[in-house]
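What follows is a short report on a single structure.
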Amino acid sequence: MQQFLIRDIYQKQLVNQKLCVNGWVKTRRDSKGGFSFLEVNDGSCLKNLQIIAENSLGNYHDDILNLFPGSSVKVEGTIVRSLGGNQEIELKAESVNVYGFSDVTTYPLQKQRISFEKLREIAHLRARTNTFGAITRVRNALSFATHRFFQERNFYYLNTPIITTSDCEGAGQLFRVTTLDMQNLPMNKPGNINSQSDFFGEEASLTVSGQLEAETYACALGRVYTFGPTFRAENSNTSRHLAEFWMVEPEMAFADLMQDITLAEDYLKFLINHLLNQCKEDLEFFNLHIENTLLEQLNNIVNCDFVILTYTDAIKILSKHKKFSFPVNWGMDLQSEHEQFLTEIEFKKPVVLTDYPKIIKPFYMRVNDDGKTVAAMDVLLPKIGEIIGGSQREERLDILQNRLKELGQNENNYWWYLDLRRFGTVPHSGFGLGFERLIKLCTGMGNIRDTIPFPRVPGNAKF
RNA sequence: UCCGGCAUAGCUCAGCGGUAGAGUAGGUGGCUGUUAACCACUUGGUCGUUGGUUCGAAUCCAACUGCCGGAGCCA
C-alpha cells in the first residue's frame, strides 16, 4: 500500500483513498463506543492525522490500548470524511502495526505543557514537540531560501575552511584545535608550547568567520557566499549567543557599501516572503503560542523601506534623549539600549547604521574620505538587535597596511590577504548574517538555544 | 565575566519558621465521535547539594552547583 506524508494527505484531500501512514502517536483517546482515536504526527506538517481504530482490529486490546505518546506506528486504511468537528478528514484504520511502544511512566513528553528549559535537557526528544517540529521546518525553509536567493543572483556557494591558522581578526576568543597530548605538552621553554610539533605545524583553531577566505574567491569569481558553522569561545551567557552557530556570508566584487546594504535588505525580505508563502501554518502557530506580534513584525519588515542612517546621525538623534544609562558620545560603541531606542521607539522598523568610527571596527573595513570613519553597515532589527554586520572592504594596499600597523598587527600574517590588493585589486563588499538570529526573528522564540537542534554554550555541549 | 532572580511530585507551580499542597500526567471506576475530552476515587516527595542559625528549617543565613533574565563581547 502506498505511503503518504500527512501533509500531502491534507493538501490533496485524498478522500476514499486507501493508503499507509507512518508516524508517532501524540495522544490516544478511547471511546467506549468500541474504538479509539489516535493522533499521529509524522513531522511533515504541524497537524496530526486522526486515526480511527476499531476494537474489531485483531491487536486492539493487546497493542492499541497500550499506545501512549511517543509510540511509533504504521497505519493502513482509508481516508474518510470526519464525523468530528475539529478535522475534515481522518484515517479509518484497517491495520495498526506498532514499530515501538513508549513507556508512559518514563517518556518525558506527555500531553501536559513542558518548559523550554526542561526540553533543552532532553534535546534528543524535543524535536517531537509541535514547537520544535515547526522550528525545524522553518530552519529548513530559510536554508533553502538562502541558497535560492544567492543562486538566482549568480553567487557561487563556497565552502571555506572550518579549521584555520590565521590567528587574525583580533576580536573573538578562538577554540584551539590540536592533537597534542594535553598531559604532556611539548615545550620550547617554560610556558611556551612548541606548536611546530602539532598536527598542522602551527597553532590552529576553529574559524570565527569565512570572510577573509571568501574575499579571495570573490576577487576571482565575482560573487560568492558561504553558509557554514562558525565558532566563538566567548564566555557569553545570553539568549542571543551560541559558541557554535551558522553564518551566511556573501561577498561581492565590484560592489560598494550601498550595493551591500541593498543586498542585505533584499535578502532579508526574500527570506521572510519565502516563509510567509511556504510555512504559513507554522508561522501562525508561532504567532498564536509563542509571540503574538510575530506576523505583524514580519509583515512590517517585508513592507517597509529600511532606514539608512550614518552612525554620526544616529548619535545626534540619541543625544537628544538623555535618559540612557550609558551616556552617548561620538566614538563610542552603541549599547543595546541605544540600538533598541532606534529600532523600537524612534523608527519602529529595521535600521541600517553606516559609517562607524574606524577605531571601533576591524582593520579590513574601507576607510572613508574623512579618515575617521569606515564604510561599515550593521542591520539592526526591533527586538532582535544586530542581525547583519558588513562593510565595503579596504581595497587600497597602502591604507590597509597602515591600518594593520595602527592595530599592532604583523602584516606578514596577512600576506595572502594583502596579495589580493597587490594583484588586480577591486572594490568589494560583503556581510555576515547570524542564521540562528534569523530563526529567532522568524519564529519569535525568545532564546537562541531553541533555534538550533543541539546548542553549544559555555558549560554545555551535550548530545 | 558582572548584576539580579529561581531550584518543592513525572510535568507546571503554590506554600516562605510549627504534621508536604494544587493542577496535570499515571492507575481504578463511570460516561462519551472524542479532540488540552469530562466526572469520582487513587498512586506519587531525602523540598538542588553542603554547612550554619533555631526547641524546631522547604521556609532564615552562607558557600557551591545548575538554570533563567539583563549587561558586556558579538552574528
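Each chain gets a letter, A, B and so on, in the order its sequence line appears, and its residues count up from 1.
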Identity of whatever pairs with [N] - Watson-Crick or G-U, under 3.5 angstrom:
N	value
C67(B)	G5(B)
A20(B)	none
U32(B)	none

Margin query: Regarding U35(B), can its base be found pairing with the side chain of Q87(A) as donor and acceptor, where the two atoms are less than 3.5 Å apart?
Written below: yes
Margin query: Quiz question: going by heavy-atom distance under 3.5 Å, is there a donor-acceptor pair between the base of U35(B) and the side chain of N48(A)?
Written below: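 Counting by modelled atom types and ignoring angles, no donor-acceptor contact under 3.5 Å is found here.
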In whole Å, what is the span from the [atom1] atom of [X] to the [atom2] atom of [N]?
X	N	atom1	atom2	answer
R113(A)	U12(B)	CZ	C1'	8 Å
D333(A)	C74(B)	CG	P	6 Å
K118(A)	U8(B)	NZ	C1'	12 Å
L65(A)	G26(B)	CG	C1'	16 Å
E339(A)	A71(B)	CD	C1'	13 Å
L438(A)	A75(B)	CG	C1'	11 Å

Notebook entry, point to check: Are any of the side-chain nitrogens in E94(A) or K18(A) under 4.0 Å away from the carboxylate oxygens of its partner?
Noted result: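 Here E94(A) pairs with K18(A) in a salt bridge, since their nearest N and O are under 4.0 Å apart.
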Item checked: Inter-nucleotide P distance (C6(B), C13(B)), Å rounded ->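 Between the two P atoms, the distance is 14 Å.
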Checklist line | Between C61(B) and A57(B) - C1' atom distance, rounded Å | finding: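 Between the two C1' atoms, the distance is 11 Å.
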Notebook entry, point to check: When you check the glycosidic angle of U46(B), does it come out syn, meaning within 90° of 0, or anti?
Noted result: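 What U46(B) shows is a syn base, its glycosidic angle lying within 90° of 0.
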Margin query: Would F435(A) count as stacking on A75(B) if stacking means ring centres less than 5.5 angstrom apart and planes tilted under 30 degrees?
Written below: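 Aromatic stack with A75(B) absent for F435(A).
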